[in-house]
Chemist: 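One structure, pasted below without further comment.
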Protein chains: 2
Amino acid sequence: MSDTTQMLKGILDGCLLAIIKEGEIYGYELAAKLESYGFRSLSEGTIYPLLLRMQKEGLISATLRKSTAGPKRKYYTLTEKGEQELDLFIVRWEQVSSSVDNVLSKRGI
Amino acid sequence: MSDTTQMLKGILDGCLLAIIKEGEIYGYELAAKLESYGFRSLSEGTIYPLLLRMQKEGLISATLRKSTAGPKRKYYTLTEKGEQELDLFIVRWEQVSSSVDNVLSKRGI
DNA sequence: AAAGTATATCTTGTATTGCAAGGTATTTAA
DNA sequence: TTAAATACCTTGCAATACAAGATATACTTT
């Protein structure tokens with residue numbers, strides 16, 4: 001297990017939502033995009049199950065499209081529920097990350 | 001389950017290390033300190049098992065002392081290994097949190 | 001003395017989730 | 001026809017926050 005594995009729990013889903021909000025995107029491309037944002041290479045065993053879960057929860061919706069090279073791609077877009085969930089995620093993230101920053105810079109509130 | 005539960009995974013241990021580094025402290029007091037830093041009230045079922053785990057791993061060491069009011073307190077201090085682990089945590093945190101911030105502010109690297 | 005309250009710690013079991021490992025299918029190039 | 005790149009999925013494991021419940025001490029109130 002990677003040393004950042006635990007730290008990614010509960011934030012990956014929000015990050016996926018944020019990226020999908022930027023525009024329709026498929027899983028394989030998403031992995032590359034995450035890396036461009038600074039995440040260490042994430043396994044497909046992480047991303048695909050997560051996308052399926054979020055689709056089941058109605059946060060994203062998918063449509064299959066032919067690819068120029070390779071099998072069909074599954075393009076995802078945000079649902080309205082997904083946008084709401086993203087907003088909630090951002091609130092949670094700001095609350096938690098500022099708390100951690102407070103601890104690390106040793107000042108209470 | 002709280003909405004920030006998953007998000008706390010992999011960061012609580014680092015935060016405890018950072019607080020213990022400030023000075024000897026016991027579990028019950030730690031819970032209050034975390035709240036003062038902005039964390040929502042953390043269960044004792046979270047903190048005590050975590051402290052025991054970190055002690056087992058040799059990151060912190062404990063000594064029992066009498067309390068003025070109540071049962072004995074278990075005071076924790078950082079070991080050298082704990083300081084090293086804290087340093088590693090900070091690197092991980094900065095790597096991950098900046099990645100998330102990149103995603104949320106929609107800019108690649 | 002007895003009962004209640006605040007302090008202080010621990011244990012057991014559950015839910016969630018990242019991820020490794022392995023599998024399948026399609027298109028193009030060597 | 002073989003290889004490589006693309007693209008997706010499934011199963012099972014490991015790690016951890018936390019709810020729920022138990023225990024014990026000291027002080028205060030009745």
Side-chain angles (χ1 to χ4, degrees), chain A residues 1-17 24-35 39-57 59-60 62-76 89 92 96 99-100, chain B residues 1-17 24-35 39-57 59-60 62-76 89 92 96 99-100:
Chain A
M1 254 185 163
S2 154
D3 48 355
T4 54
T5 287
Q6 293 302 321
M7 212 177 258
L8 294 178
K9 293 193 179 183
I11 71 163
L12 268 187
D13 52 353
C15 290
L16 292 209
L17 290 177
E24 211 179 35
I25 195 171
Y26 59 99
Y28 199 77
E29 197 185 0
L30 239 165
K33 197 105 179 179
L34 280 167
E35 215 161 350
F39 287 97
R40 306 247 180 266
S41 60
L42 292 166
S43 159
E44 297 175 355
T46 299
I47 292 173
Y48 289 118
L50 180 49
L51 286 169
L52 290 174
R53 197 193 83 206
M54 293 198 300
Q55 190 182 2
K56 251 178 214 159
E57 288 172 356
L59 305 177
I60 55 180
T63 55
L64 285 173
R65 298 245 186 81
K66 281 182 189 169
S67 163
T68 54
K72 286 182 182 174
R73 294 168 178 167
K74 208 166 169 184
Y75 284 88
Y76 290 98
F89 166 77
R92 285 202 301 273
V96 168
S99 297
V100 175
Chain B
M1 255 185 163
S2 155
D3 48 356
T4 55
T5 287
Q6 294 302 320
M7 211 177 260
L8 294 178
K9 292 192 178 180
I11 70 163
L12 267 187
D13 51 354
C15 289
L16 292 208
L17 289 177
E24 212 180 35
I25 193 171
Y26 59 99
Y28 200 78
E29 198 184 1
L30 238 166
K33 198 105 179 179
L34 280 167
E35 216 160 350
F39 286 97
R40 305 247 180 266
S41 59
L42 291 166
S43 159
E44 296 172 355
T46 298
I47 291 173
Y48 288 117
L50 181 48
L51 286 170
L52 290 175
R53 198 193 81 206
M54 293 198 300
Q55 189 182 1
K56 252 178 213 160
E57 289 172 357
L59 305 177
I60 54 179
T63 54
L64 285 172
R65 299 244 185 80
K66 280 182 190 169
S67 164
T68 53
K72 286 182 182 173
R73 295 168 177 166
K74 207 166 170 183
Y75 284 88
Y76 289 99
F89 166 77
R92 284 200 303 273
V96 168
S99 297
V100 176

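Within every chain, numbering begins at 1; the chains are lettered A, B, ... in the order of the sequence lines, protein sequences first and strands thereafter. FYI, side chains are in, hydrogens and waters are out, and symmetry mates aren't considered; it's all heavy atoms of this structure.
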Chemist: Could you state the CZ-P distance from Arg53(A) to dC9(D), rounded to the nearest angstrom?
Modeler: 15 Å
Chemist: Quick one: on DNA chain D, does Asp13(B) or Glu44(A) contact a more 5' nucleotide (nearest heavy atom)?
Modeler: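 Nearer the 5' end of the strand: Glu44(A).
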Chemist: Would you kindly give the CE-to-P distance between Met7(A) and dA17(D), to the nearest whole Å?
Modeler: 11 Å
Chemist: As a test of reading the structure: which of dA8(C), dC19(C), dC18(D) is closest to the side chain of Thr5(A), going by heavy atoms?
Modeler: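 Within the option list, the nearest is dC19(C).
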Chemist: Applying a 4.0 Å non-hydrogen cut-off, can you work out what Gly45(A) is touching in the nucleic acid: base, sugar-phosphate, or nothing?
Modeler: base
Chemist: Roughly how far, to the nearest 0.5 Å, is the CG atom of Leu12(A) from the CD atom of Gln6(B)?
Modeler: 11.5 Å
Chemist: Looking only at the side chain of Gln6(A) (C-beta and beyond, no hydrogens), which of the listed nucleotides dT10(D), dA15(D), dG18(C) gets closest?
Modeler: dA15(D)
Chemist: Drop me the distance from Arg40(A)'s CZ to Asp3(A)'s CG, to the nearest 0.5 angstrom.
Modeler: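 It is 8.0 Å, given to the nearest 0.5 Å.
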Chemist: Kindly point out which of dC18(D), dT16(D), dT17(C) is positioned nearest to the side chain of Lys9(A)?
Modeler: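 Selected nucleotide: dT17(C).
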Chemist: Without decimals, in angstroms, what is the distance between Lys56(B) NZ and dT11(C) C1'?
Modeler: 11 Å
Chemist: I want to check one thing: is the phosphate of dC10(C), taken as OP1 and OP2, less than 4.0 Å away from some side-chain N or O of Tyr48(B)?
Modeler: no
Chemist: Choose from dC9(D), dT17(C), dT9(C) the nucleotide whose nearest atom is closest to any side-chain atom of Tyr26(B).
Modeler: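 The answer is dT9(C).
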Chemist: Which pairs of donor and acceptor atoms, one on a side chain in residues 26-33 of chain B, lie under 3.5 Å apart (sequence neighbours left out)?
Modeler:
| unit_1 | atom_1 | unit_2 | atom_2 | d |
| --- | --- | --- | --- | --- |
| Tyr26(B) | OH | Arg73(B) | NE | 3.3 |
| Tyr26(B) | OH | Arg73(B) | NH2 | 3.4 |

Chemist: Between atom CE of Met7(A) and atom CG of Leu8(B), what is the distance when rounded to the nearest 0.5 Å?
Modeler: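 With rounding to 0.5 Å, CE (Met7(A)) is 11.5 Å from CG (Leu8(B)).
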Chemist: Judged by each residue's nearest nucleotide on DNA chain C, which is more toward the 5′ side, Pro71(B) or Lys74(B)?
Modeler: Pro71(B)
Chemist: Hey, is the side chain of Arg73(A) poking within less than 4.0 Å of OP1 or OP2 on dT6(D), counting only N and O atoms?
Modeler: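 For dT6(D), OP1/OP2 do not have a side-chain N/O of Arg73(A) under 4.0 Å.
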Chemist: Output the rounded distance in Å from CG (Leu51(B)) to C1' (dC18(D)).
Modeler: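 Between C1' of dC18(D) and CG of Leu51(B): 14 Å.
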Chemist: Taking CG from Leu30(B) and C1' from dA17(D), how many angstroms apart are they, rounded to a whole number?
Modeler: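 Rounding to the nearest Å, CG of Leu30(B) and C1' of dA17(D) are 16 Å apart.
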Chemist: Indicate, yes or no, whether a donor-acceptor pair under 3.5 Å links the base of dT25(D) to the side chain of Lys72(B).
Modeler: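 Between dT25(D) and Lys72(B), which were checked side chain against base, a qualifying N/O pair under 3.5 Å is absent.
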Chemist: Whole angstroms only, please: what is the CG-C1' distance between Leu42(B) and dA8(C)?
Modeler: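 Going from Leu42(B) (CG) to dA8(C) (C1'), I get 17 Å.
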Chemist: Given that Lys66(A) and Leu50(A) both sit by DNA chain C, which one's nearest nucleotide is further toward the 5' end?
Modeler: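 So the residue in question is Leu50(A).
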Chemist: Quick check for you: among dA17(D), dT10(D), dT17(C), whose closest atom lies nearest to any side-chain atom of Pro49(A)?
Modeler: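 My answer, after comparing the listed nucleotides, is dT10(D).
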Chemist: Is the distance from OP1 or OP2 of dA8(C) to the nearest side-chain N or O of Ser67(B) less than 4.0 Å?
Modeler: yes
Chemist: Give the nucleotide from the list dA19(D), dC10(C), dC9(D) with an atom nearest to the side chain of Ser43(B).
Modeler: dA19(D)
Chemist: Roughly how far apart are Arg53(B) CZ and Asp13(B) CG, rounded to 0.5 Å?
Modeler: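 Separation between the atoms: 5.5 Å.
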Chemist: I need the CD1-C1' distance between Ile11(B) and dT16(C), as an integer number of Å.
Modeler: 16 Å
Chemist: Mind calculating the distance between CG (Leu34(A)) and P (dG18(C)) to the nearest angstrom?
Modeler: 12 Å
Chemist: Looking at dA7(D), dC19(C), dA8(C), which one has an atom nearest to any side-chain atom of Tyr28(A)?
Modeler: dA7(D)
Chemist: Working to the nearest 0.5 angstrom, can you tell me the gap between Ile60(A) CD1 and Tyr75(A) OH?
Modeler: 15.0 Å
